[in-house]
Participant: 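Got a structure here, written out as structure tokens. Questions coming.
Naming: A, B, ... by sequence-line order, numbering from 1 per chain. All values below come from the heavy atoms of this structure, side chains included, with hydrogens, waters and symmetry mates left out.
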2 protein chains.
Amino acid sequence: MSAPTGDQALIKRMNTAIVLESILRGAPLSRAQISERSGLNKATVSSLVQDLIDSSLVREIGRGQSSGGRKPVMLEFIATSGYAIGIDLGVNYIRGVLTDLQGAIVAERTSALRHSKPEPVLEELCRCIAELIAEAPKCAYGIVGIGVGVPGLVDDNGSLLFAPNLKWRDVPLKRLLSDQFCLPVTIDNEANAGALGEQKYGAGRQIPNLVYVSVGMGIGTGLVLNKLLYKGASGFSGEMGHISVEAHGKPCSCGNQGCWEMYASELALLESARPLGFDDLESLLAAAASGREDVLELFQGIGEYLGIGIANIVNVFNPDAVIIGNRMSQARPWIEETLRQTVIRRALGFHLRNVHLLFAELGERSAMMGAAEMAIAGFFARLKTV
Amino acid sequence: MSAPTGDQALIKRMNTAIVLESILRGAPLSRAQISERSGLNKATVSSLVQDLIDSSLVREIGRGQSSGGRKPVMLEFIATSGYAIGIDLGVNYIRGVLTDLQGAIVAERTSALRHSKPEPVLEELCRCIAELIAEAPKCAYGIVGIGVGVPGLVDDNGSLLFAPNLKWRDVPLKRLLSDQFCLPVTIDNEANAGALGEQKYGAGRQIPNLVYVSVGMGIGTGLVLNKLLYKGASGFSGEMGHISVEAHGKPCSCGNQGCWEMYASELALLESARPLGFDDLESLLAAAASGREDVLELFQGIGEYLGIGIANIVNVFNPDAVIIGNRMSQARPWIEETLRQTVIRRALGFHLRNVHLLFAELGERSAMMGAAEMAIAGFFARLKTV
DNA sequence: CTTAGTTTGTCTATCCAATAAACAAAGTCG
DNA sequence: CGACTTTGTTTATTGGATAGACAAACTAAG
């Protein structure tokens, strides 16, 4: 009914989180440094650090430099006290990764999908997860969770409501996987996962507010506000690919007209390239690289429309950064200039001052790493409540 | 440097807030009921309630009904222990209100503005505030703060950076007013204030996530997420009036092209109505009321474009409600049907399920009441930190 | 080498908020 | 009237944070 009430256990959880976060950010660190940075009393820090050591989350790694007194005992987070699984479930591939608790990759596995029917795909998915689990070294917490990024709409029960390109409807993915593996499972949209991946491990490190624009066959977007994924009222949001940028433009399968993704996605590019005799992105990229004028113009068209939509996003969210990801980010050399100019011309000056226009650093790994991060974040969140 | 650390004072503040909020929501309430609803121990509640009584925030109002035992002592919030000032600074008017701590209006004052130069306007503004302050009854906390909604961009220091219709630039409004009155001052955009006003006192009561669309000469928007105003990375955001809905449409003074407000605002309406011999909204409303076909068509055009932009908003934020406010809400009878149809046709089905399309209930008072609410919220926030 | 001063991390006594349990006061109902 | 309920306070206890004392470990100046 009401908010969780405050008691001493809450204080301890909060302060433990502060100590752990200090170590995560600034390791190696001594107890004295943690005390100074956090404002917590030395005695408090000592006690909490001892708890963390007892829980196998932190260890002492020997003496550090002295500045004229007793040498400090340096502490570090034990990233290998647990492992996370991150999955990027694509339309024709499954990418999976096993990472430690700091997102360092331990094992990786990719497989192509021939069918898109749920049953064989789920079978392959489970095989992939099982193999990754088998590769995890022995450790205190084992596998702490499974995160999955999917190309579709997910509700807050982790059911995949609708995935147009897979032609799936109402697949209770979270329940299926947690029944199978008896582990915490987090499911989210591919763009949300990508946003988190880039925020944590890619181009958006240390940037608290960003928008990730996943430009593939369609356009998906993920919103990170204050380092947290933003979800709308009913748990799914950010369908900015279906913002109408041409009020009476091409009809979209979503029912709207003139959706952004009808003009700035890979699909839009391929459609306008068909008369020139191209039918995939790779050949277009090759043609652009060899300097074909008509193809370069096509990319500039995409760049402009991407810029139009991004200017809209900047005006609405005023983020610190916008990150272009997914397949179209490969076209960076041929779209970046037009894109940047368009955004500069169209976005409001006050918002432009601080916004950075970036391209994904993790490439095809954005969503997979973000999925792993969801699992890791879930583990830390559980630490706080138990 | 780091997060605020947890100590016992924090617990007490949190639990005091829980108790106070229970009383605010459910008054009249007994100590026993608060204990049961909040999960706090009876003794804890007793102690915290005593503190609140000592601070003149709560009072006992006598015995309540018994259900077979000792009669409970009922408690209520003392709304009149403090008063707030809310100001709506418009382009050609100043509206001011004095409310108690629950937003009940005690005094109200409107004045027309002839000039728009800063000096005379500020003078009139100060006179308005002073007169309202003079009307406040004696009470424990006096005037707890001044909130002001302004037609322009505000930074997080409360400076009015740019107000196109007033032709103001860089007016440090917050500093001026707090110097003058020695009171806490909150400045925000008119649309943000309106959003808060409708969320708290108007059509959006109890709706945690909503978007308020202020349709006047331009279009402004205010975003309430989880009952709090959302601000972007640099403190100002939500310029959805400048989302481009016609990628290569009419150039806007903001530098962008095809901005929503070029097609769906009062300005857009007046422009298309000029050939018919109209030059203000009032005469158009009158003509529509008398059934003039060509005018009705104009309103339908506005309704359609409003719907196009609102569908975009619904797709992006998936709010619980969208509230149309400001002057154009008077045109409700002639735009609502078209607007509703357009949104239904264009927004994504999953998002539509839960969204309500509402019109402002407070009319021209939205922003003013929201401004008062900003001052009240500031008072409660200070209670928690001191 | 000696000695003074510094830094680290632990220990001790104390404070304070929440809590359970006991309790007195004030009621209902048969 | 007596058994039972409900309310709100009192009392003793718990547990986490804290200040300050302290021992250990170190640097550097003389």
Side-chain angles (χ1 to χ4, degrees), chain A residues 2-20 22-23 26 28-55 58-76 384, chain B residues 2-20 22-23 26 28-54 58-76 384 386:
Chain A
S2 181
T5 84
D7 61 357
Q8 310 223 63
L10 173 70
I11 291 191
K12 187 161 190 179
R13 283 200 305 273
M14 285 180 56
N15 290 342
T16 305
I18 288 175
V19 169
L20 185 54
S22 298
I23 298 177
L29 226 52
S30 72
R31 291 170 175 81
Q33 284 174 300
I34 296 171
S35 166
E36 196 177 349
R37 293 190 188 190
S38 66
L40 290 167
N41 188 281
K42 285 193 296 175
T44 309
V45 172
S46 266
S47 154
L48 297 178
V49 163
Q50 193 53 53
D51 288 354
L52 288 172
I53 291 177
D54 292 343
S55 333
V58 164
R59 74 177 146 220
E60 302 184 337
I61 52 167
R63 307 263 148 174
Q65 284 293 317
S66 156
S67 60
R70 171 174 164 184
K71 283 184 177 170
V73 178
M74 305 313 279
L75 302 166
E76 72 168 12
K384 287 181 198 172
Chain B
S2 180
T5 83
D7 61 355
Q8 311 221 61
L10 173 70
I11 292 190
K12 187 160 190 179
R13 284 200 304 273
M14 284 179 55
N15 289 342
T16 306
I18 289 175
V19 170
L20 186 54
S22 297
I23 299 176
L29 225 52
S30 72
R31 291 169 175 82
Q33 284 174 299
I34 296 171
S35 167
E36 195 177 349
R37 294 190 188 190
S38 65
L40 291 165
N41 188 282
K42 283 193 299 173
T44 308
V45 172
S46 265
S47 156
L48 296 177
V49 163
Q50 193 52 54
D51 288 355
L52 289 172
I53 291 176
D54 292 344
V58 164
R59 74 177 146 220
E60 302 184 336
I61 53 166
R63 307 265 150 172
Q65 285 293 319
S66 156
S67 59
R70 173 175 162 182
K71 283 185 179 172
V73 178
M74 305 313 278
L75 303 165
E76 73 168 10
K384 288 182 200 175
V386 179

Participant: Here's a test of your reading of the structure: between A/Gly68 and A/Gln33, which maps to the more 5' nucleotide of DNA chain C?
Facilitator: A/Gly68
Participant: Could you please name the option among C/dC15, D/dC26, D/dT18 that lies closest to any side-chain atom of A/Thr44?
Facilitator: D/dT18
Participant: Side chain of A/Ala43 only, heavy atoms from C-beta on: which candidate in D/dG16, D/dT6, D/dT18 is closest?
Facilitator: D/dT18
Participant: Between A/Val58 and A/Leu20, what is the shortest heavy-atom contact and its length?
Facilitator: CG2-CD1, 4.1 Å
Participant: Is there a donor-acceptor pair under 3.5 Å between the side chain of A/Thr16 and the backbone N or O of A/Lys12?
Facilitator: yes
Participant: Does B/Ala32 reach a base, just sugar-phosphate, or nothing at all? Heavy atoms under 4.0 Å.
Facilitator: sugar-phosphate
Participant: Compare side-chain N and O positions of A/Asn15 against OP1 and OP2 of D/dG16 and report whether any pair is under 4.0 Å apart.
Facilitator: no
Participant: Could you tell me whether B/Ser67 contacts a base, only the sugar-phosphate backbone, or nothing, with contacts defined as non-hydrogen atoms closer than 4.0 Å?
Facilitator: sugar-phosphate
Participant: What about A/Arg70, does its side chain sit under 3.5 Å from the base of C/dT8 through a donor-acceptor pair?
Facilitator: yes
Participant: Go nucleotide by nucleotide along DNA chain D from the 5' end; which of A/Lys71 and A/Lys12 gets its closest nucleotide reached first?
Facilitator: A/Lys12
Participant: Can you tell me which nucleotide in C/dG9, D/dG8, C/dC15 comes closest to the side chain of B/Pro72?
Facilitator: D/dG8
Participant: Distance check: side-chain N/O of B/Arg63 vs OP1/OP2 of D/dT7, anything under 4.0 Å?
Facilitator: no
Participant: Atom CD1 in B/Ile34, atom OG in B/Ser46: separation rounded to 0.5 Å?
Facilitator: 9.0 Å
Participant: Any base atoms under 4.0 Å from A/Ser46, or only sugar-phosphate, or nothing? Heavy atoms, all strands.
Facilitator: base
Participant: Could you tell me whether B/Ser35 contacts a base, only the sugar-phosphate backbone, or nothing, with contacts defined as non-hydrogen atoms closer than 4.0 Å?
Facilitator: nothing
Participant: Is there a donor and acceptor pair closer than 3.5 Å between the side chain of A/Asn41 and the base of D/dA17?
Facilitator: no
Participant: Give the rounded distance in Å between these two atoms: CD1 of A/Ile34 and P of C/dT7.
Facilitator: 18 Å
Participant: Roughly how many Å is it from CG in A/Leu40 to P in D/dG16, rounded to a whole number?
Facilitator: 14 Å
Participant: Take a 6.0 Å sphere around CD of A/Gln50 and say whether it holds more than 12 heavy atoms from other residues, nucleotides or ligands.
Facilitator: yes
Participant: Over all strands shown, is A/Val45 touching base, sugar-phosphate only, or nothing at heavy-atom distances under 4.0 angstrom?
Facilitator: nothing
Participant: Give a yes or no on whether a donor-acceptor pair under 3.5 Å exists between the nucleobase atoms of D/dG8, that is its base, and the side chain of B/Lys42.
Facilitator: yes
Participant: Tell me what A/Ser47 touches on the nucleic acid: a base, only sugar-phosphate, or nothing, going by heavy atoms under 4.0 Å.
Facilitator: nothing
Participant: Atom CG of A/Leu10 and atom C1' of D/dG16: how far apart are they, to the nearest Å?
Facilitator: 12 Å
Participant: Of all the nucleotides listed (C/dT10, D/dA17, C/dC16), which has the minimum atom distance to the side chain of A/Leu48?
Facilitator: D/dA17
Participant: Indicate yes or no for a side-chain donor-acceptor contact from A/Ser55 to the backbone of A/Asp51 under 3.5 Å, with no hydrogens or angles considered.
Facilitator: yes
Participant: I need the CG-P distance between A/Asp7 and C/dA20, as an integer number of Å.
Facilitator: 10 Å
